[in-house]
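So the structure is just underneath, and the comments pick up after that.
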4 protein chains.
Amino acid sequence: MNPDGDRLPRRRDEARALFRNAILDAAEAVFAERGFHGARIQDIAERARIAVGTVYNHFEQKDDVLSALLEERTEGLLAQLRARAGDPKGFEARLETRMKRLFAYVEQHRAFLAIASEQGLFAGAAAPGARVTPRNAQQIEAFRRELRSIVDEGLASGDIEGLDAEDLARFLGGTMRAFVLSSLAQREAATASPQALATVDLFLHGAARRRRRAR
Amino acid sequence: MNPDGDRLPRRRDEARALFRNAILDAAEAVFAERGFHGARIQDIAERARIAVGTVYNHFEQKDDVLSALLEERTEGLLAQLRARAGDPKGFEARLETRMKRLFAYVEQHRAFLAIASEQGLFAGAAAPGARVTPRNAQQIEAFRRELRSIVDEGLASGDIEGLDAEDLARFLGGTMRAFVLSSLAQREAATASPQALATVDLFLHGAARRRRRAR
Amino acid sequence: MNPDGDRLPRRRDEARALFRNAILDAAEAVFAERGFHGARIQDIAERARIAVGTVYNHFEQKDDVLSALLEERTEGLLAQLRARAGDPKGFEARLETRMKRLFAYVEQHRAFLAIASEQGLFAGAAAPGARVTPRNAQQIEAFRRELRSIVDEGLASGDIEGLDAEDLARFLGGTMRAFVLSSLAQREAATASPQALATVDLFLHGAARRRRRAR
Amino acid sequence: MNPDGDRLPRRRDEARALFRNAILDAAEAVFAERGFHGARIQDIAERARIAVGTVYNHFEQKDDVLSALLEERTEGLLAQLRARAGDPKGFEARLETRMKRLFAYVEQHRAFLAIASEQGLFAGAAAPGARVTPRNAQQIEAFRRELRSIVDEGLASGDIEGLDAEDLARFLGGTMRAFVLSSLAQREAATASPQALATVDLFLHGAARRRRRAR
DNA sequence: CATGAATGAGTCTTCATTCAT
DNA sequence: GATGAATGAAGACTCATTCAT
C-alpha cells in the first residue's frame, strides 16, 4: 500500500467535496430568496465566494445544482422520518418521536422547504415548470412510502383504523404539512416540539374529540 | 333612457371582457403547463388566438396577467367556501356542503391549483420568487379567515374542541389540501364528493376513532 | 354659379384644415418636449384631443407630420427674413429690421426651434438620423440663399467687405444663431429687439472695434 | 517590486480599455450614421466585431454608451481650446493658435460633431429627447466658461471691447460654429487653418471693416 | 482546476400602422 | 371621416454557458 497514492486523491476528493458543499449551501440560500428562475449562477457563485466558472466545474448546468440540492436535503428529511433503533415501541409515542425529529430538521433547513415548496416537492406532484429529476421523484415516492408504512404500522397494531390506507397516509402528510408551514411562517426558528405533538394529536383524534383525555 | 346610448358602450365593454377572459384562460393553461417563468407571452397570445400586442392592451405586464388570474380564481375558490343561504344548519352537514362545493370547483380548475401551488398561494406564505401582489395577499388572508370562522363556529356549537383555534384552522386547511392534491394527482377529473367526505370525517374524528359510527 | 356647390366643399376643406392645424400644433409641442423618437403618435393625438386613427387620415406616416411641421414653420421663419415693401433702404437699418422680425418670430415659436435644432435644420447639414425631406432641404437652401443675398446686397453697396461671400453668409448665420439660442436659453419669452441689435452690431463690426460710435 | 504581480492586472486593464475604446469608436460611427435612436446595439457590436452581450459588459445601457462617448470627445475638444504652455502671448495670435487646434480636432472627429449636434451639445441647451447626463452638462458648461475666459482675456488686454462679456462669448461661439459646420459640410476632410483664420478675423473685425490692414 | 469576460439565443415590451365599426 | 383596439415587427437587455488564461 502506498499511503501517498491514497492521500493525494483523498485530499483532492475532500477539496472537491468542499467546493460542492459551498455551492450547495450558497444555492440553498439564493434559491430560497429569489426562487429558481430568479437566482443567477452569478449570485450563487458570489455567495460561495468563487467564480462562475467554478460552479460549472462541479455541476453541468443550473438545473443540476437544484436537483443535487433537493436530493441531498430530501434525503436528510427522509432520514428523520425513518424509524431508528432506539425509538419507542408504542404507536403514538413512536410517531411522536419521529415527528419531533422531522420538525427539528425543518427548523434547521427552513430555506430548503421554501424551495421544495416552489418545486412542488411535497405537493404530491411536481409543480408546473419544476425541475424535478427522476432521482427526486424517487425520493418523493420514498417519502410517500414512509408515510404509508407508518399508517400500515398503526393499522396493524389497531391504533388507527380506516378504509383506505392511502387516504390515511395523505391525511398524515397534510396534517404534518399544516404544522410545518405554521412553523415556517413564524419569522424565528423555535422549538419544534409543540408542532410535533399537535400533529400527532390531531392526526389521531381529530378536532371533534369529546370526553377524552386532556393533553 | 336612450337604449342606443347604452348599447355601444356596453358592446365595447363586453368585447373587452371577452378578450380579457380569453387571455386569462389561455394564461391559466400555459402557466400550468410551464410555470410562470417558462410561459412566454407569445404562448399565451397564441393560445388565445390573438396578437402579442393585444395582451399588452389588457395587461400592463406579464406579472399582471398572473396576478389577475390568481385574483379571479382565488375569489372563485373562496366563494365556494363561504356559507350560503340554503346551507344546512348542523355543523358537520354544513361543513360537508361547503367542502363538496370547494372540491367541485377544484375539479373545474385543476390548472389553477397547480399555479397557485407554484406561487405558494396555499402555503401560508408566498413562495420564493413568487409574483404575489398585495391584493393576492389579502385574498389568501381572507381564505385563512374563512377557515378560522368555520372553526370558530364549531367551537361555539361545541362540535369541535381544542386549545388553539389557529391550530385547528391550519389543521382543517392541511386536511383539505391533502385531499385536494390527491384529487389533482389523479389524471382524470372525477367526482369530488368522496374527497369532501373524507376531509370532513378525518378532520373531525382523526385516524384513531374506535367504536364510532360506520362509514 | 351654384353657391351651395361651392359652400359645402369649402366647409369640408375648412374642417380638414382645422384638423391638420390641430395636429401640427400638438406635434410641435410634443416633438419639442420629447424629441421626434420619443414622441408617440398617441401623444400627439391626445394633445390634439382626437383619435390616433384621425392623425392617419391627415398624414400618411409619422415622418410626414414632422416634415409638414418643419415645412410650415420654416416657411414662416423665412418669411420674416425676406425683405418687405416698407423696409428701410440703408443696409444696416434694413438688416436690423429683418433681424427684429426674425427674432420676434423665434420668440413666438420657441418649440419649433428646439425641433429644428434636433433635426439639424440650421446646422447647414441634416443631423444624423434626421427626417428631412427633399422639400425641407429646399427650404434650408432657400434660407441659406436669403442670407447670401443679404450679404450680396451689403457687398454691392459697399457696407461690408470680404473675400468670400459664402463665408460671410455663414458668419451672419452663426451670429444670428448665437443670439437665437441665447434667446431660447432664457426660460421666459422676452423682447427680441436687443438680440437683433447685438447680432447686427457684432456682425458688422466684430468684437475689436476701436474708437467707434457708442451704442 | 514584483513585475509579475503587476503584469496580469495591467494586461487585464489594458484588455478592458481596448474593448471599451473599440465600442466607443464603433458607436461614434454608427450614431453619426443613423442617429442615437436609429442605431441598434447590434450595429455597434457588429462594427466593433464583438457580441451584443459584450457591449453590456462595458456599459450598463445604450444611453451610457452615448454619454461616455460624448464625455470622452467633448473633453478632447475642450483640451484643444485651452491655452497651452507654448502658446503665443498676443491676444490675436493666441486666439488663432487655439482655433487652429480646435479646427484640427474637428477634422479628426467629424462624426462626433454630428452626434454632438443632434444632442444639442453646442446648442447652449440640450436638444429635446437628448440623452445628456449631468457630467455632459458640466462639460458644456466648461466649454462655455472657456469661451468666456478667452473673451475676458481680450477685454482685459483691451484687444476687444463691448458691454456684455456673455454676449461676446456667445458671439465667439457662434462664429466658431459657423466655420466648424462649413468645415463639416465639405465631404472631405481638409486643412483646418483657413477656417480658424476666418473665425478669428470675423470675430475681431466683423464684416464691415473699412480701411484696415490687408490680410 | 479556478477564473471571469465573451458570447448570443431568448423574451419582454413598445409603438407605428391598420381596419372594422 | 372619426374612432380606438388589434396587430406584429423590432430592439433593448438578461443570463446560462463557454473557454482562453
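Hydrogens, waters and symmetry mates are skipped; everything else that's a heavy atom, side chains included, is used. Just so it is clear: chains get the letters A, B, ... in the order the sequence lines come, proteins before strands, and each one is counted from 1. Values in this document were obtained by computation on a predicted structure and should not be read as measured data.
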| Between T133(D) and N136(D), is any side-chain donor less than 3.5 angstrom from a side-chain acceptor? |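 Indeed, the side chains of T133(D) and N136(D) share at least one donor-acceptor pair under 3.5 Å.
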Whole angstroms only, please: what is the [atom1]-[atom2] distance between [X] and [N]?
X      : N       : atom1 : atom2 : value
R20(D) : dA5(E)  : CZ    : P     : 15 Å
F19(A) : dA2(E)  : CZ    : C1'   : 7 Å
L18(C) : dG1(F)  : CG    : C1'   : 14 Å
E14(D) : dT21(F) : CD    : P     : 15 Å
R16(A) : dA2(E)  : CZ    : P     : 7 Å
F59(D) : dA5(E)  : CZ    : C1'   : 15 Å
D13(D) : dG4(E)  : CG    : C1'   : 14 Å

| said: Can you work out whether H58(D) or K62(B) has the more 5'-proximal nearest nucleotide on DNA chain E? | reply: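 Going by which nucleotide is closer to the 5' end, it is H58(D).
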Using side-chain heavy atoms (C-beta onward) and a distance below 4.5 Å, is [X] in contact with [Y]?
X       : Y       : answer
V55(C)  : F19(C)  : no
Q61(A)  : D64(A)  : yes
T74(C)  : F112(C) : yes
Q119(C) : L66(C)  : yes

| said: Counting only Watson-Crick pairs (N1-N3 plus N6-O4 or O6-N4) and G-U wobbles (N1-O2, O6-N3), all under 3.5 Å, who is the partner of dT21(E)? | reply: dA2(F)
| Identity of whatever pairs with dT11(E) - Watson-Crick or G-U, under 3.5 angstrom | dA12(F)
| task | Would you jot down, in residue-number order, the residues of residues 30-57 of chain C having a non-hydrogen atom under 4.0 Å from DNA chain E? | result | A39(C), R40(C), I41(C), V52(C), Y56(C)
| query | So which of I44(A), I115(A), L70(A), V65(A) actually passes side-chain contact (heavy atoms from CB on, under 4.5 Å) with E28(A)? | reply |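 The option that passes is I115(A).
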| request: Have a look at R20(A) and tell me which of I23(A), L24(A), L18(A) forms a side-chain contact (heavy atoms from CB on, under 4.5 Å) with it. | output: L24(A)
| Does the side chain of Q61(C) get closer than 4.0 angstrom to OP1 or OP2 of dT17(E) through an N or O atom? | yes
